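Worksheet: the structure to be examined is printed underneath.
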Amino acid sequence: MRCAPNPNGPWHIGHARMPAVIGTYAEEYDGEFIVRFDDTDPETKRPLLWAYDEILDEIDYLGFEPAEVYRASDRLETYYDHARRLIEKGGAYTCSCPAGEFSDLKNDAEPCPHRDKDPETTMAEFESMVDGEYESGEMVLRVKTDIEHKNPALRDWVAFRIIDTPHPREAAEDDRCWPMLDFQSGVDDHLTGVTHIIRGIDLQDSAKRQRFVYDYFDWEYPEVIHWGHVQVDEYDVKMSTSTIGELIEAGDLDGWDDPRAPTLPSVERRGIRGEALVEAMVGLGTSTSNVDLAMSTVYANNRELIDDEADRYFFVREDHADFTLAGEPPETASPPVHPDHEDRGTRDIDPGNRVRIEEPDVPADGERVWLKGFGCFRRDGETFEYAGDDIAAVREEGVDVIHWVPADSATLTRMRTMDGDVIGYAEPGFREADPDEVVQFERVGFARVDRQEADDETVAYFAHE
RNA sequence: GCUCGCUUGGUGUAGCCCGGCCAAUCAUAUUGGCCUUUCGAGCCAAUGACAGGGGUUCAAAUCCCCUAGCGAGCACCA
């Protein structure tokens with residue numbers, strides 16, 4: 001099976017579906033995962049040089065290793081050869097009709113005057129196309145199908161056209177005669193041994209078109225299924241490479257991996273495992289109707305993958321209140337690193353003499369609250385009076401357990417989320433957390449440590465609750 | 001307009017090809033309970049769907065027809 005991306009930008013979440021499904025199926029049925037860059041339009045779908053490797057990185061992030069990687073722009077000679085063979089069989093003709101005129105004829109099921117050209121003339125004109133002797137739009141090579149076919153989309157479609165804009169890849173920058181997707185992809189699928197094709201409903205007619213070529217060559221067409229579009233909920237930004245690119249250009253997004261962008265680099269940066277995405281994508285199946293991917297499904301998958309290893313930390317978000325400690329609380333608090341793994345020990349926090357908690361957690365005056373891993377406190381105005389360490393207060397008397405940080409030694413932390421940045425304070429030990437580590441801020445959610453800034457700020461990317 | 005296709009709970013999915021075992025599977029979600037020094041994890045329970053209408057049949061989510069809604073193609077884009 002193959003994944004045939006156009007390398008015109010990094011991938012959005014929807015792009016993960018193809019590698020996820022064919023990768024999973026290839027593993028399951030001992031098949032092969034091929035990547036083929038269908039980069040045959042240097043103009044309107046202009047490839048970006050850096051996107052080739054970017055896409056391969058994203059496939060790697062998803063957990064797959066392609067058996068082969070092809071670039072259509074390396075294979076022009078192959079396409080030309082097949083075009084020549086097709087011409088010899090009388091299956092194609094060069095046509096110099098202006099596009100609009102041909103379209104009118106086609107819609108009336110009328111052949112154009114070039115259709116009955118002899119193969120020799122076509123061959124000569126095609127060689128001129130390859131040699132760059134025509135300008136863009138002057139000449140195309142059409143596959144001779146059935147000009148009266150009831151579906152106008154299938155009538156004598158274009159196989160090769162001239163594009164004056166040089167291809168961005170150096171290896172192909174001198175080429176001007178480019179195959180259309182249906183020709184290139186059809187030839188490649190057969191030549192590279194693809195047995196099963198999955199593609200979008202927008203390419204519903206491709207198989208029907210390509211079958212004409214397959215019939216000329218007496219090839220057997222692969223199994224093909226079409227699936228609908230995927231939409232992803234929870235994002236404000238439209239899942240489209242060009243839209244995201246424009247927002248980045250306009251400065252509304254920081255880059256392709258901005259947490260607000262529905263892209264693969266973004267979810268990766270948030271600490272979401274490729275595997276979580278793959279499972280969710282495979283779960284969508286391959287139906288022809290459009291589907292909505294609920295991010296909650298991805299999050300549920302991810303939570304299962306990371307919960308066990310994510311160390312716990314306290315993180316107090318921006319609306320906060322400070323309380324001076326009174327009474328005689330313990331000198332250090334020792335909440336566990338992970339509640340389900342005692343062997344990982346505790347993190348020892350020196351509370352100092354003031355603690356900071358989130359505004360919604362502030363108890364009414366005179367009421368108690370349990371600072372997790374520390375002890376029970378009764379609020380008296382602006383102070384917290386130590387009220388012992390008898391857990392019965394929580395278990396039997398309904399005192400709330402909340403997270404907190406020492407007000408004086410907490411470390412400034414910026415948490416980047418899908419809804420914008422959240423500034424807050426993490427417990428001091430978070431300053432030592434290693435970039436790329438996935439942690440859980442207790443009662444807040446999971447996040448990936450992104451970097452430790454020199455100005456004492458730690459940056460984390462929020463994953464999900 | 002012409003051509004092709006789709007429609008199972010909030011979301012996704014199984015079942016549809018080969019009608020009965022489907023008062024419809026599983027996951028996610030939501031809600032409630034238990035447990036827990038997290039609103040995480042775990043456990044339990046509840047909620048909730050065959051687009052509508054005809055027909056065939058002893059029997060239809062499954063077959064046929066119609067209607068509605070949605071989508072795609074009709075490019076010298078992929």
Side-chain angles (χ1 to χ4, degrees), chain A residues 4-8 37-41 43-47 72 95-100 102-103 106-107 134 136-142 149-155 157-163 177-182 184-185 199-206 208-209 226-233 279-301 303-304 306-308 310 312-314 333 335-336 338-340 360-361 370-376 389 391 393-395 399-403 440-446 464-465:
Chain A
N6 181 333
N8 62 352
F37 290 103
D38 282 353
D39 55 348
T40 55
D41 183 355
E43 200 165 86
T44 50
K45 291 262 164 104
R46 180 156 245 271
C95 169
S96 57
C97 291
F102 184 86
S103 177
K106 179 197 69 181
N107 289 333
Y134 294 106
S136 167
E138 260 187 275
M139 187 68 81
V140 298
L141 181 75
R142 292 184 182 282
H149 194 102
K150 66 173 181 173
N151 185 347
L154 310 188
R155 296 173 189 161
W157 46 275
V158 173
F160 286 83
R161 83 294 208 193
I162 304 297
I163 295 175
C177 180
W178 288 93
M180 298 286 288
L181 173 81
D182 282 321
Q184 173 265 123
S185 168
R199 58 179 154 224
I201 44 175
D202 49 330
L203 264 25
Q204 277 171 130
D205 293 333
S206 276
K208 294 172 190 161
R209 285 205 191 101
H226 299 102
W227 61 22
H229 298 294
V230 200
Q231 284 195 324
V232 180
D233 66 357
E279 284 173 14
M281 286 296 181
V282 171
L284 292 180
T286 57
S287 88
T288 49
S289 41
N290 293 346
V291 294
D292 291 335
L293 171 66
M295 282 305 287
S296 61
T297 306
V298 177
Y299 297 157
N301 293 340
R303 200 177 290 127
E304 198 171 318
I306 65 175
D307 183 51
D308 212 49
R312 267 53 174 171
Y313 288 95
F314 292 146
H338 190 112
D340 303 332
D361 288 335
W370 187 286
L371 300 184
K372 193 164 200 263
F374 190 16
C376 192
D389 63 352
I391 194 61
V394 172
R395 291 189 177 152
V399 170
D400 289 334
V401 175
I402 64 166
H403 60 289
Q440 189 206 56
F441 290 135
E442 298 197 60
R443 300 180 68 231
V444 174
F446 294 90
H464 49 76
E465 291 185 348

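As a basis for the values below, the full set of heavy atoms in this structure was taken, side chains included, without hydrogen atoms, waters or symmetry mates. The structure displayed is predicted, hence computed values, not measured ones. Here is the naming used below: chain letters follow the sequence lines, and residue numbers restart at 1 for every chain.
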Compare side-chain N and O positions of A/Ser103 against OP1 and OP2 of B/A75 and report whether any pair is under 4.0 Å apart.
-> yes
Establish, with yes or no, whether the OP1 or OP2 oxygen of B/U3 is under 4.0 angstrom from a side-chain nitrogen or oxygen of A/Lys208.
-> no
Contact class for A/Leu154 (heavy atom, under 4.0 Å): base, sugar-phosphate, or nothing?
-> nothing
For the side chain of A/Met180, starting at C-beta, report the closest nucleotide among B/U37, B/G71, B/A78.
-> B/A78
Of the listed nucleotides B/G40, B/A75, B/A78, the one nearest the side chain of A/Asp41 | B/A78
Of the candidates B/G5, B/C6, B/U3, the side chain of A/Asn151 sits closest to B/U3
Would you please enumerate the stems RNA chain B participates in, each stem being three or more consecutive Watson-Crick or G-U wobble pairs with both distances under 3.5 Å?
-> B:1-7 with B:68-74, B:10-12 with B:26-28, B:29-34 with B:42-47, B:51-55 with B:63-67
P gap between B/G52 and B/G40, integer Å = 37 Å
Consider the side chain of A/Ala300, meaning its heavy atoms from C-beta on, and name the nucleotide among B/G71, B/A78, B/U28 that approaches it most closely.
-> B/U28
Could you check which of B/A29, B/U37, B/C77 has an atom nearest any side-chain atom of A/Arg303?
-> B/A29
Looking only at B/C6, B/G40, B/G12, the nucleotide nearest the A/Val291 side chain is B/G12
Under 4.0 Å between a side-chain N or O of A/Lys372 and OP1 or OP2 of B/U36?
-> no
The side chain of A/Trp370 lies closest to which of these nucleotides: B/U37, B/U38, B/A75?
-> B/U37
Residue A/Arg161, side-chain heavy atoms: nucleotide from B/G40, B/G5, B/C76 that is nearest = B/C76
Please determine, for the side chain of A/Arg142, which listed nucleotide (B/C76, B/U38, B/A72) has the closest atom?
-> B/C76
Out of B/C74, B/U37, B/C76, which has the shortest distance to the side chain of A/Arg395?
-> B/U37
Remember a base hit wins even if backbone is also touched, and classify A/Val394 as base, sugar-phosphate or nothing at under 4.0 Å, heavy atoms.
-> nothing
May I ask you to say what A/Leu181 touches in the nucleic acid, namely base, sugar-phosphate or nothing, with a heavy-atom cut-off under 4.0 Å?
-> base
Nearest-Å distance once atom P is located in both B/C64 and B/G71 | 25 Å
If you draw a 6.0 Å radius around CD in A/Glu465, do more than 12 non-hydrogen atoms from other residues or ligands fall strictly inside?
-> no
Look at all strands and tell whether A/Cys177 reaches a base, only sugar-phosphate, or nothing, counting heavy atoms closer than 4.0 Å.
-> nothing
Could you check whether A/Lys150 gets within reach of a base, just the sugar-phosphate, or nothing at all, counting any heavy atom under 4.0 Å?
-> sugar-phosphate
Can you check whether A/Thr40 has a side-chain N or O nearer than 4.0 Å to OP1 or OP2 of B/A78?
-> yes
N or O in side chain of A/Ser287 less than 4.0 angstrom from B/U13 OP1/OP2 | yes
For the base of B/G42, is there a side-chain donor-acceptor partner from A/Asp340 under 3.5 Å away?
-> no
Give A/Met139 one of three labels, base, sugar-phosphate or nothing, depending on what nucleic acid heavy atoms sit under 4.0 Å from its own.
-> nothing
Describe the nucleic acid contact of A/Asp389 in one word from base, sugar-phosphate, nothing, applying a heavy-atom distance below 4.0 Å.
-> nothing
Indicate, with a heavy-atom threshold strictly under 4.0 Å, whether A/Phe446 touches base, sugar-phosphate, or nothing.
-> sugar-phosphate
Answer with base, sugar-phosphate or nothing: what part of the nucleic acid does A/Leu284 contact at a heavy-atom distance below 4.0 Å?
-> sugar-phosphate
